[in-house]
Amino acid sequence: MTEQASHFDVLIVGAGISGIGMAAHMTKKSPHASYAILERRDNLGGTWDLFRYPGIRSDSDMHTLGFDFEPWKHEKSIADAPAILDYLHRIVDERGIRQHIRLGHKVVAADFDSATARWTVQIETGEGEHKRLTANFLYLGSGYYDYDEPYDPGFELGEFEGQVLHPQFWPDDLDYAGKQVVVIGSGATAVTITPSMADKAAKVTMLQRTPTWMFSRPAKDKIANFLRKILPEETAYRLTRWKNIKMQDIGFKRARDKPEKVKDFLYKKIEKALGDKFDRKTFTPPYNPWDQRLCLVPDDDLFNAMKSGKADIVTGHIKAFEKGGVRLADDRFLPADIVVTATGLKLAVAGKIAVSVDGESVDFAERFYYKGVMFSNLPNLAVVFGYLNASWTLRADLNSDYICRVLNAMKAKGADIAMPVLADDHALVEDDIFDFSSGYIQRSKQIMPKNAVAYPWRLNQEYVIDRKRMASDPVEDGVLAFRRAGANATQQEERLEAAE
């Protein structure tokens, strides 16, 4: 690819895990297709380059957050951001992907012209230049949250004179040595930041409105590291990956079927780590395990910080921000020099790109997911929205592989358009797959695409089932229509005959 190229078979939006994964799959499975990756930031890595807060790490094991085609070779399976970035950089260099990445290219709009079967993509560069690129197919690997602004709970800071910051915009030069820190939140970010800051801060208090279910495990996977010693790297990786997928699947289903037993299991692990400092109320949410994603505590780091007296968890509601700290509704006062608002993310659909077809704006909330990768009556477009109950990359790998097969089928059939067709008179029973009680999910349900009870019109949440379906179901399933440019996309007789 040269910088002068302006048309591609596929434009990939985002150079994070989803975008890099798609490029790697295309390189191996659809080498005939030209592509470019458009990344708004000045570095690749997506989430793992954006977030710079202390301790930033994965909350999934890297044998499932890693790609199916590239073994994870580090000793720790719960990895920090620098290790994950090393992994991604190695992939783009070894597979010749880097030359296809255009950094500082923010996609602001994309319009599909049915007559020519092309997307026209509007881009703003970091220098303020406006560009247009065209592509036959658009693959959105831009993630699921708003890069520009996090969720704002609307705190009135009152007389507080200290520093207030959000993890999404962490300053490079923050000095918190010897400081009193209050971290507001109880999700994965707060659980990560609290022990990581405790080593230098005078005290870190994690202020939670409601508790979160926490699960501790070693950062190193002993079985994985043993298998790497006795087996070829790829074989050891495949075995570990499948072990972890099955364990996660069993754990999730057990939490749904026998929540009280799972609660007891989680309590016992925390009590073992905290000893006489264990307070059950602090670790008892008003919901069952896996009604929200479990918070991982690798190597008991949070609990060790609490045992040492360098960190604690306080449950309460904020009454006011005062000079020198935070006042709670029950009149307790938490001293603070620094307040970290780890209050969550703001979701965004399609990377906030203004998507349209023939000039008519696309409202994704009115479209049904198709196999968790495409959308009803929306041509030549795919997206990645990872699992809520498993690693993001499991979905990204499935979607990348599937779209490569779609691209190959289009080439074989001489088709310009691939579109999941949902007739106007085909009534679907809707399903709420976003029944997780997490705040960021509940706040954004009104902008999310629709899901039906029946497959394929849904973003399913069972990887083991999805993997079998995506591998065994034919691309030409009677729903995904292949057409040449200009054909009427809703008429059965306009569909191309199956390739011989």
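Note that this is a predicted model, so its numbers are computed, not measured.
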Review point. Distance from Tyr145 atom OH to Gln168 atom CD, nearest 0.5 Å?
Key: 6.5 Å
Exercise for review: May I ask you to check whether over 12 heavy atoms, not counting those of Phe226, lie within 6.0 Å of atom CZ?
Suggested key: no
**Study point:** Asp264/Lys258 ion pair, N-O < 4.0 Å
**Key:** no
Check your understanding: For the atom pair CE (Met197) and CG (Asp199), what is the distance rounded to the nearest 0.5 Å?
Key -> 9.0 Å
Check your understanding: Do Leu296 and Leu294 come within less than 4.5 Å of each other through their side chains, counting heavy atoms only?
Key -> no
Exercise for review: Carefully, step by step, assess Ser400 and Tyr139 under the rule side chain to side chain donor-acceptor pair (under 3.5 Å).
Suggested key: CA-CA 9 Å; Ser400 296; Tyr139 190 90; 3.2 Å; yes
Review point. Hey, are the side chains of Lys73 and Glu233 touching, using non-hydrogen atoms and a 4.5 Å cut-off?
Key: yes
Practice item. Determine the minimum heavy-atom distance between Val182 and Ala336, stating which atoms define it. Key: CG2-CB, 3.6 Å
**Study point:** Non-hydrogen atoms of Gly19 and Ile37 that approach each other most closely
**Key:** O-CD1, 4.0 Å
Review point. Out of curiosity, Leu274 CG to Ile313 CD1, how far, rounded to the nearest 0.5 Å?
Key: 8.0 Å
Practice item. Check Cys295 against Gly187 and note the closest heavy-atom contact, atom names and distance. Key: SG-C, 3.4 Å
Exercise for review: Test side chain to side chain donor-acceptor pair (under 3.5 Å) on Arg41 and Asn43 and set out the steps.
Suggested key: CA-CA 5 Å; Arg41 296 171 55 76; Asn43 301 293; over 6 Å; no
Check your understanding: Parallel, tilted or perpendicular: which fits the ring planes of Phe385 and Trp392, with parallel below 30° and perpendicular above 60°?
Key -> tilted
Point to revise | Check: Asp337 side chain, Gln180 main-chain N or O, donor-acceptor pair, under 3.5 Å | key: yes
Check your understanding: Passes side-chain contact (heavy atoms from CB on, under 4.5 Å), Val181 versus Thr205? Steps please.
Key -> CA-CA 6 Å; Val181 181; Thr205 300; over 6 Å; no
Exercise for review: Would you sort out whether Phe155 and Phe321 count as a ring-ring contact (aromatic ring centres under 6.0 Å, His included), showing the intermediate values?
Suggested key: CA-CA 8 Å; Phe155 291 136; Phe321 288 84; 5.5 Å; yes
Practice item. Hey, could you give me the CD1/OG distance between Ile84 and Ser58, rounded to the nearest 0.5 Å? Key: 4.5 Å
Check your understanding: For Trp290, does its backbone N or O pair with a side-chain atom of Arg293 as donor and acceptor, under 3.5 Å?
Key -> no
Revision key, fill the gap. Of all heavy-atom pairs linking Ser391 and Ser60, the shortest is OG-CB, 3.1 Å
Check your understanding: Charged N to carboxylate O under 4.0 angstrom, Glu70 versus Arg95?
Key -> yes
Review point. Would you find a donor on one side and an acceptor on the other, under 3.5 Å apart, between the side chain of Ser186 and the backbone of Gln208?
Key: no
Review point. Between the main-chain N or O of Leu231 and the side-chain N or O of Thr235, is there a donor-acceptor pair closer than 3.5 Å?
Key: no
Exercise for review: Apply the side-chain contact (heavy atoms from CB on, under 4.5 Å) test between Tyr144 and each candidate in Leu347, Val383, Val384; give the one that qualifies.
Suggested key: Leu347
Practice item. Flag the pair Arg90 and Asp86 as a salt bridge only when some basic side-chain nitrogen lies within less than 4.0 angstrom of an acidic carboxylate oxygen. Key: no
Practice item. Taking the side chain as every heavy atom from C-beta outward, state whether Arg367 and Val362 have any pair of such atoms under 4.5 Å apart. Key: yes
**Study point:** Greater than 12 external heavy atoms within 6.0 Å of Asp257's CG
**Key:** yes
Check your understanding: Would you say the side-chain atoms of Trp72 pair up with the backbone N or O of Lys76, donor to acceptor, closer than 3.5 Å?
Key -> yes
Check your understanding: Is it true that a side-chain atom of Arg40 and a backbone atom of Gly104 form a donor plus acceptor pair closer than 3.5 Å?
Key -> no
Review point. Do the charged groups of Arg332 and Asp330 touch, with an N to O distance under 4.0 Å?
Key: yes
Point to revise | Heavy-atom neighbours of Arg217 CZ exceed 12 at 6.0 Å | key: yes
Review point. Does the separation of the ring centres of Tyr369 and Trp457 fall below 6.0 angstrom?
Key: no
Review point. What's the spacing between Leu227 CG and Lys243 NZ if we round to 0.5 Å?
Key: 8.0 Å
Review point. Between Lys450 and Glu366, is there a salt bridge with N-O shorter than 4.0 Å?
Key: yes
Review point. Taking 4.0 angstrom as the limit, do Asp300 and Lys269 come out as a salt bridge?
Key: no
Exercise for review: In plain terms, say whether Asp249 and Lys253 are close enough for a salt bridge, that is, a side-chain N and a carboxylate O under 4.0 Å apart.
Suggested key: yes
Check your understanding: Do Met26 and Val10 come close enough that some side-chain heavy atom pair is under 4.5 Å?
Key -> yes
Check your understanding: Between the main-chain N or O of Val191 and the side-chain N or O of Thr194, is there a donor-acceptor pair closer than 3.5 Å?
Key -> no
Practice item. Could you check if a side-chain atom of Phe303 sits within less than 4.5 angstrom of a side-chain atom of Lys277, using non-hydrogen atoms only? Key: no
**Study point:** Donor-acceptor contact below 3.5 Å, side chain Asp312 vs main chain Val314
**Key:** no
**Study point:** Close side-chain approach of Leu174 to Gln163, heavy-atom, < 4.5 Å
**Key:** yes
Exercise for review: Run the salt-bridge test on Lys346 and Glu149 with the 4.0 Å N-O cut-off and return the result as yes or no.
Suggested key: yes
Review point. Looking at CG of Asn399 and CE of Met22, how far apart are the two atoms once the value is rounded to the nearest 0.5 Å?
Key: 9.5 Å
Review point. Taking the inter-plane angle between the rings of Tyr267 and Phe278 on a 0 to 90° scale, is it parallel (under 30°), tilted (30 to 60°) or perpendicular (over 60°)?
Key: perpendicular
Point to revise | Electrostatic pair Asp80:Arg57 at N-O distance under 4.0 angstrom | key: no
Check your understanding: Is there a donor-acceptor pair under 3.5 Å between the side chain of Ser77 and the backbone N or O of Ala219?
Key -> yes
Point to revise | 4.5 Å side-chain heavy-atom contact, Leu381 and Leu140 | key: yes
Point to revise | Electrostatic pair Asp146-Lys352, nearest N-O below 4.0 angstrom | key: yes
Exercise for review: Quick one: sort the Phe169 and His166 rings into parallel, tilted or perpendicular, breaks at 30° and 60°.
Suggested key: tilted
Check your understanding: Hey, is Asp68 close enough to Arg241 for a salt bridge, meaning N to O under 4.0 Å?
Key -> no
Review point. Which atoms form the tightest heavy-atom contact between Leu207 and Val326, and what is the distance?
Key: CD2-CG1, 4.4 Å
Exercise for review: Please say whether more than 12 non-hydrogen atoms of neighbouring residues, nucleotides or ligands are located less than 6.0 Å from CD in Glu234.
Suggested key: no
Check your understanding: Heavy atoms, side chains only, cut-off 4.5 Å: are Tyr463 and Thr64 in contact?
Key -> no
Exercise for review: Could you tell me whether Lys268 and Glu271 have a side-chain N and a carboxylate O separated by less than 4.0 Å?
Suggested key: no
Practice item. Output yes when Lys371 and Asp466 qualify as a salt bridge under the 4.0 Å nitrogen-oxygen rule, no when they do not. Key: no
Check your understanding: Backbone N or O of Phe368 within a donor-acceptor pair of the Asn451 side chain at under 3.5 Å?
Key -> no
Check your understanding: Run the ring-ring contact (aromatic ring centres under 6.0 Å, His included) check on Phe375 and Tyr370 step by step: do they pass?
Key -> CA-CA 5 Å; Phe375 298 102; Tyr370 170 73; 9.9 Å; no
Exercise for review: Indicate the atoms forming the closest heavy-atom contact of Ala110 with Leu138, along with that distance.
Suggested key: CB-CD2, 3.8 Å
Check your understanding: Between Glu39 and Lys106, is the closest basic N to carboxylate O distance under 4.0 Å?
Key -> no
